[in-house]
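This one's a predicted model, so the numbers in the text were calculated from it and none came from an experiment. Position 1 is the first residue of the sequence; numbering continues from there.
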Amino acid sequence: MEDLKLLLIDRLKSKGMDPALIPAYLKALASLIASEPGIEPASANRKLRSLGWDEVEIDYHCLQIAIACQESEG
């Protein structure tokens with residue numbers, strides 16, 4: 001699980017996200033995934049933007065990694 005989380009963090013950094021914001025972003029993303037397990041990237045981006053997360057667009061691969069992280073946490 002830790003490897004997946006590190007991979008996700010690296011992908012977000014490569015997309016230009018400020019490393020200091022990543023923990024809060026991941027918390028918002030995890031909450032979103034928990035409320036809508038089958039969410040699509042476009043919908044996730046729309047909802048994250050409505051929460052003020054305009055810094056980066058999440059793509060399909062990042063979303064799948066985030067879902068896998070959440071599933072591995074139980």
Could you report the tightest heavy-atom contact between [X] and [Y], atom names first, then the distance?
X	Y	result
Val56	Asn45	O-OD1, 4.2 Å
Ile67	Pro37	CD1-O, 4.1 Å
Pro23	Ala20	CD-O, 3.7 Å
Cys69	Ser72	O-OG, 2.9 Å
Ala66	Leu29	CB-CD2, 3.6 Å
Leu4	Ala68	CD1-CB, 3.8 Å

* Asked: Distance-only, no hydrogens or angles: does the Ser31 side chain make a donor-acceptor pair with backbone N or O of Ala28 under 3.5 Å?
  ->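 Side chain of Ser31 to backbone of Ala28, a donor-acceptor pair under 3.5 Å: no, none is there.
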So, do [X] and [Y] sit near enough that their side-chain heavy atoms are less than 4.5 Å apart?
X	Y	answer
Trp53	Leu21	yes
Leu63	Asp59	no
Leu12	Leu26	yes
Leu51	Tyr25	no

* Asked: Does Lys13 come within less than 4.0 Å of Asp18, counting only side-chain N to carboxylate O?
  -> no
* Within 6.0 angstrom of Gln64 CD, more than 12 heavy atoms from elsewhere -> yes
* **Residue pair Ile9, Met17: steps toward the side chain to side chain contact (heavy atoms under 4.5 Å, CB included) verdict** => CA-CA 9 Å; Ile9 290 169; Met17 180 167 265; over 6 Å; no
* Step by step, would you call Lys15 with Glu55 a salt bridge (charged side-chain N to carboxylate O under 4.0 Å, His left out)? -> CA-CA 9 Å; Lys15 289 180 167 288; Glu55 210 171 283; over 6 Å; no
Distance (rounded to the nearest 0.5 Å) between [X] [atom1] and [Y] [atom2]:
X	Y	atom1	atom2	value
Ser50	Lys47	OG	NZ	8.0 Å
Ile58	Leu48	CD1	CG	6.5 Å
Ile33	Gln70	CD1	CD	5.0 Å
Arg46	Leu32	CZ	CG	10.5 Å

* Decide whether Tyr60 and Leu7 are clustered together by the hydrophobic rule: side chain heavy atoms of Ile, Leu, Val, Met, Phe, Trp, Tyr closer than 4.5 Å, transitively. => no
